[in-house]
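Beneath this line is the structure, given in structure tokens, with notes to follow.
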Amino acid sequence: MVESIRRLLENNDQWVAEMTAQDPEYFSSCSEGQAPSFLWIGCSDSRVPPNEITKTDPGEIFVHRNIANLVVQTDMNILSVIQYAVEVLRVRHVIVCGHYGCGGVRAAMQHSDHGLIDNWLRTIKDTQNYYWQQLKELKGEERENRLVELNVIEQVYNLGKTSIIQHAWKKGNNPYLHGWVYDLKTGKIITQTNMINSEMALKEVCKFEMGIIGS
Ligand code: CO
């Protein structure tokens with residue numbers, strides 16, 4: 001146990017040495033400030049690290065992660081992150097990235113009791129109910145994968161409906177919203193939405209989805 005935590009600190013020493021060898025000014029320039037172009041809203045899952053899977057460096061992506069990449073309208077944590085990223089850092093793109101094999105989505109699909117987290121996952125159960133017409137035609141992994149995709153689309157919609165994004169669009173600062181799903185089995189990112197930078201584009205996503213469920 002002690003050995004495993006020690007490894008992290010030793011790795012850190014090694015990393016500092018490597019970065020400094022590459023660029024002696026690296027840490028002094030990093031400490032001057034950040035100007036990331038992207039806000040990443042992703043799952044906490046340890047297998048989906050944003051910088052690694054997009055080959056980006058420290059300073060490029062402002063990150064918020066929670067279980068099952070949810071944008072919950074009453075979550076002060078995510079709202080604060082979005083506000084800071086959009087209004088102060090002025091990111092150009094906000095990405096909601098889910099992933100196949102998401103434990104949060106899987107748990108939401110089960111009827112068993114997982115304790116406190118079931119409250120957090122409630123919104124995924126609502127999405128499942130809402131799209132049940134199309135989900136009930138699918139089985140097993142296919143159904144779970146589709147719910148992962150639908151969850152991302154729902155969260156992009158929730159994001160677009162926050163007062164922060166609405167104000168930004170009204171003021172003509174148009175951060176683009178994106179819905180992505182990462183495939184653990186291939187390492188590939190699959191886009192789920194077009195680039196969305198207006199209320200009309202947001203509605204298009206939902207109209208499209210409404211078309212699918214046929215309601
Ligand atoms: Co997950």
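Atoms within each ligand, like the ligands themselves, are counted from 1 in listed order. The figures that follow rest on heavy atoms only: side chains count, while hydrogens, waters and symmetry mates do not.
Using modelled atom types and a 3.5 Å distance limit, the side chains of Asn151 and Thr127 yield no donor-acceptor pair. Side-chain atoms of Glu154 and Tyr131 form a donor-acceptor pair, as typed in the model, at a separation below 3.5 Å.
Between the Glu149 side chain and the Gln192 main chain, no donor and acceptor come within less than 3.5 Å of each other. Under a 3.5 Å cut-off, the side chain of Asp13 and the backbone N or O of Ala17 do not form any donor-acceptor pair.
The distance cut-off of 2.8 Å around the Co ion (ligand 1) captures these protein N, O or S atoms, sorted by chain and number: Cys43 SG, His99 NE2, Cys102 SG.
A continuous path of Ile, Leu, Val, Met, Phe, Trp and Tyr side chains, each step under 4.5 Å between heavy atoms, connects Val91 with Val156, placing both in one hydrophobic cluster.
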I'd like to know whether Glu199 forms a side chain to side chain contact (heavy atoms under 4.5 Å, CB included) with Lys203, so could you lay out the CA-CA distance, the side-chain angles of the two residues, the decisive distance to 0.1 Å, and finally the verdict. CA-CA 6 Å; Glu199 185 69 19; Lys203 281 201 183 102; 3.9 Å; yes

